[in-house]
2 protein chains.
Amino acid sequence: MEKQERKVSMAVVKRLPRYYRYLSDLLKNDITRISSKTLSQRMGVTASQIRQDLNCFGGFGQQGYGYNVASLYKEIGNILGVDKAYTTIIIGAGNLGMALAKHNNFEKRGFRLIGMFDVKQELIGQKMRGFEIKHMDELPAFMKKYRPHIGILAVPKEGVTVVAQKLVELGIKGLWNFSYVDLRMIGEVEVENVHLSDSLMTLSYKINQK
Amino acid sequence: MEKQERKVSMAVVKRLPRYYRYLSDLLKNDITRISSKTLSQRMGVTASQIRQDLNCFGGFGQQGYGYNVASLYKEIGNILGVDKAYTTIIIGAGNLGMALAKHNNFEKRGFRLIGMFDVKQELIGQKMRGFEIKHMDELPAFMKKYRPHIGILAVPKEGVTVVAQKLVELGIKGLWNFSYVDLRMIGEVEVENVHLSDSLMTLSYKINQK
DNA sequence: TAGATTGTTAATCGATTAACAATC
DNA sequence: TAGATTGTTAATCGATTAACAATC
């Protein structure tokens with residue numbers, strides 16, 4: 001896990017979750033070792049790329065043998081911070097917010113939802129995964145008490161900048177933004193924008209060009 | 001709109017929806033013309049990149065003037081296929097499927113949801129945007145009658161390959177896949193995979209590396 | 001030991017940025 | 001016309017792939 005003198009490029013980082021997923025599948029199928037070549041065939045990438053990518057973080061393999069699936073899985077998990085058990089809160093209990101809350105894939109990947117906030121009175125108090133949806137007014141006290149790491153933004157785009165700013169002031173570490181605006185925060189917070197419409201339009205482009 | 005002898009790279013294509021969005025904002029603010037330089041500052045990219053990107057599709061600008069916002073917006077929309085009014089169906093009426101169905105941003109971008117399918121009896125017949133959720137058994141007849149362009153896959157990953165295969169056989173043009181599996185279809189269909197967990201883990205990485 | 005496969009350096013390819021002549 | 005800004009070519013930068021010595 002040691003290494004990484006120079007900054008790892010985002011192109012590499014964005015491939016890590018995919019490796020993690022494939023290793024998880026291998027593990028489920030009781031495969032204990034894998035070579036970069038075999039994995040490359042499964043994933044549809046080059047073996048060279050896999051070795052290059054992994055070597056950004058350390059020499060996880062063994063010459064003549066390949067990689068031990070279980071330990072590589074664990075290493076990548078550590079790099080991604082899965083072991084950190086990051087806690088999340090969702091801002092916005094609309095359709096998307098609710099769907100994200102009920103989705104349990106994230107819990108499986110080590111992220112724990114501990115709070116959900118909205119401003120609509122009819123939503124406040126509603127039960128969700130063992131806690132109640134709270135009003136935004138309670139956010140500061142909640143943040144102080146539980147110090148969640150990640151804020152999931154599922155609010156209309158009009159409100160997102162203000163909410164994001166508030167969360168940053170209250171010490172959030174990362175923002176996962178689903179609002180249709182490019183959040184570009186300054187300072188200590190990390191941001192990942194998810195623009196579903198962009199993805200749909202990319203698909204549309206591909207269909208349209210045929 | 002003419003041009004494009006050689007294949008446009010995916011890096012460029014994936015930036016088009018973002019241009020489209022910024023142009024939409026400019027339009028709303030009654031800005032009629034914009035130079036690549038001004039736009040580049042707004043978007044946080046280089047002016048050079050904007051000009052290069054747009055010139056993959058044609059010369060939309062005018063020397064000494066810049067770009068006309070309304071017409072560039074329209075051109076990019078055409079390239080993306082917004083004018084085609086592609087129709088969609090959602091497979092899987094779980095939390096995510098429901099949230100996507102109720103989300104109206106996609107309609108705004110020119111995509112019209114015309115059907116929703118599941119296998120769970122308790123969901124069948126439920127009203128959604130003016131139509132009823134149907135059983136998967138009715139899919140072939142529906143496809144034959146309405147010829148939807150895009151299938152939105154919001155089913156558990158175990159079932160997704162079979163469903164995708166069926167949709168392809170029935171003539172779907174594109175698949176927007178939310179299941180946590182890399183769909184790689186052969187043949188005529190275009191696929192766009194959305195892996196929310198991957199995105200969350202990328203955010204986690206960034207937080208973890210600080 | 002011989003065979004396999006890594007880690008890593010070097011070569012290639014593609015994408016981004018810079019520069020500038022063309023032109024509105 | 002002079003100034004602005006494009007479209008496009010050339011230069012740079014970064015990412016991917018190939019090659020191979022190191023080594024299990």
Side-chain angles (χ1 to χ4, degrees), chain A residues 1-19 22-23 26 31-73 75-76 79 202 205, chain B residues 1-19 22-23 26 31-73 75-76 79 202 205:
Chain A
M1 237 197 87
E2 328 319 323
K3 205 173 195 180
Q4 200 182 337
E5 307 88 22
R6 55 182 52 200
K7 207 177 171 306
V8 178
S9 83
M10 260 302 138
V12 174
V13 171
K14 285 196 177 295
R15 283 194 291 264
L16 292 180
R18 189 151 178 267
Y19 292 133
Y22 275 83
L23 289 165
L26 291 170
I31 295 166
T32 52
R33 59 166 280 233
I34 190 137
S35 70
S36 58
K37 194 177 170 210
T38 315
L39 185 57
S40 76
Q41 285 159 348
R42 281 201 180 226
M43 296 184 66
V45 298
T46 62
S48 225
Q49 181 167 76
I50 293 175
R51 293 204 298 278
Q52 282 277 27
D53 284 356
L54 297 180
N55 270 85
C56 293
F57 302 96
F60 301 136
Q62 204 172 333
Q63 281 98 330
Y65 174 87
Y67 299 86
N68 179 283
V69 175
S71 78
L72 184 57
Y73 177 74
E75 293 281 9
I76 296 182
I79 294 163
T202 303
Y205 171 89
Chain B
M1 235 198 88
E2 328 320 322
K3 205 172 196 181
Q4 201 184 336
E5 308 88 21
R6 57 181 52 200
K7 206 176 173 307
V8 178
S9 84
M10 260 301 137
V12 174
V13 171
K14 286 196 176 296
R15 283 193 291 264
L16 292 180
R18 189 151 179 267
Y19 293 132
Y22 276 82
L23 289 165
L26 291 170
I31 295 165
T32 52
R33 58 165 280 233
I34 190 136
S35 69
S36 57
K37 194 177 171 211
T38 317
L39 186 58
S40 75
Q41 285 158 349
R42 282 202 179 225
M43 296 184 65
V45 299
T46 63
S48 225
Q49 181 166 75
I50 293 176
R51 293 204 298 280
Q52 282 277 25
D53 284 356
L54 297 179
N55 269 85
C56 293
F57 302 97
F60 301 136
Q62 204 172 333
Q63 280 99 329
Y65 174 86
Y67 299 86
N68 178 284
V69 175
S71 77
L72 185 57
Y73 177 73
E75 292 281 7
I76 296 181
I79 294 163
T202 303
Y205 171 90

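Proteins come first, then strands; the chains are lettered A, B, ... in the order of their sequence lines, and each starts at number 1.
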- [ ] Just jot down the salt bridge (charged side-chain N to carboxylate O under 4.0 Å, His left out) partners of B/Arg33, sequence neighbours excluded, or say none.
- [x] none
What is the separation between atom [atom1] on [X] and atom [atom2] on [N], rounded to the nearest whole Å?
| X | N | atom1 | atom2 | value |
| --- | --- | --- | --- | --- |
| A/Asn55 | D/dA19 | CG | P | 19 Å |
| A/Gln63 | D/dT23 | CD | P | 7 Å |
| A/Gln62 | D/dT23 | CD | P | 13 Å |
| A/Phe57 | C/dT8 | CZ | P | 14 Å |
| A/Tyr67 | C/dA4 | OH | C1' | 13 Å |
| A/Asn68 | D/dC24 | CG | P | 16 Å |

Open item on the list: Can you list, in residue-number order, the parts of residues 33-45 of chain B that come under 4.0 Å of DNA chain C, counting heavy atoms only?
Closed with: none
- [ ] Specify the residues of residues 9-17 of chain B, ordered by number, for which at least one heavy atom lies under 4.0 angstrom from an atom of DNA chain C.
- [x] B/Ser9, B/Arg15
Open item on the list: Using a 4.0 Å cut-off on heavy atoms, which residues in residues 46-54 of chain A reach DNA chain D? List them by number, or say none.
Closed with: A/Thr46, A/Ser48, A/Gln49, A/Arg51, A/Gln52
- [ ] Would you please name every residue forming a side-chain hydrogen bond (donor to acceptor under 3.5 Å, both in side chains) with B/Ser36, sequence neighbours left out?
- [x] B/Arg51
Does a side-chain heavy-atom distance below 4.5 Å link [X] with [Y]?
| X | Y | result |
| --- | --- | --- |
| A/Ile50 | A/Tyr22 | no |
| B/Thr32 | B/Val69 | no |
| B/Val45 | B/Arg15 | no |

TODO: Working to the nearest 0.5 Å, report the span between CG of B/Asn68 and CD of B/Glu75.
DONE: 10.0 Å
- [ ] Measure the spacing between CD1 of A/Ile76 and CZ of A/Phe57 and express it to the nearest 0.5 Å.
- [x] 8.5 Å
Task: Criterion side chain to side chain contact (heavy atoms under 4.5 Å, CB included) on A/Leu26 and A/Leu39, from CA distance to verdict - done: CA-CA 10 Å; A/Leu26 291 170; A/Leu39 185 57; 4.2 Å; yes
TODO: Output every pair passing side chain to side chain donor-acceptor pair (under 3.5 Å) with a member in residues 37-49 of chain B, not counting sequence neighbours, ordered by first then second residue.
DONE: B/Ser35-B/Thr38
Task: Set of residues satisfying side chain to side chain contact (heavy atoms under 4.5 Å, CB included) with respect to B/Ser9, sequence neighbours excluded - done: B/Ala11, B/Val12
Open item on the list: As a quick check of understanding, evaluate side chain to side chain contact (heavy atoms under 4.5 Å, CB included) for A/Tyr67 and A/Leu54, giving each step before the final call.
Closed with: CA-CA 10 Å; A/Tyr67 299 86; A/Leu54 297 180; 3.6 Å; yes
Open item on the list: Which residues pass the ring pair (Phe, Tyr, Trp, His ring centres under 6.0 Å) test with A/Tyr73, not counting sequence neighbours?
Closed with: A/Tyr20
Task: With B/Tyr19 via ring pair (Phe, Tyr, Trp, His ring centres under 6.0 Å) - residues at least two apart - done: none
- [ ] Sort by first number and list every stem of DNA chain D: at least 3 consecutive Watson-Crick or G-U wobble pairs, both distances under 3.5 Å.
- [x] C:3-24 with D:3-24
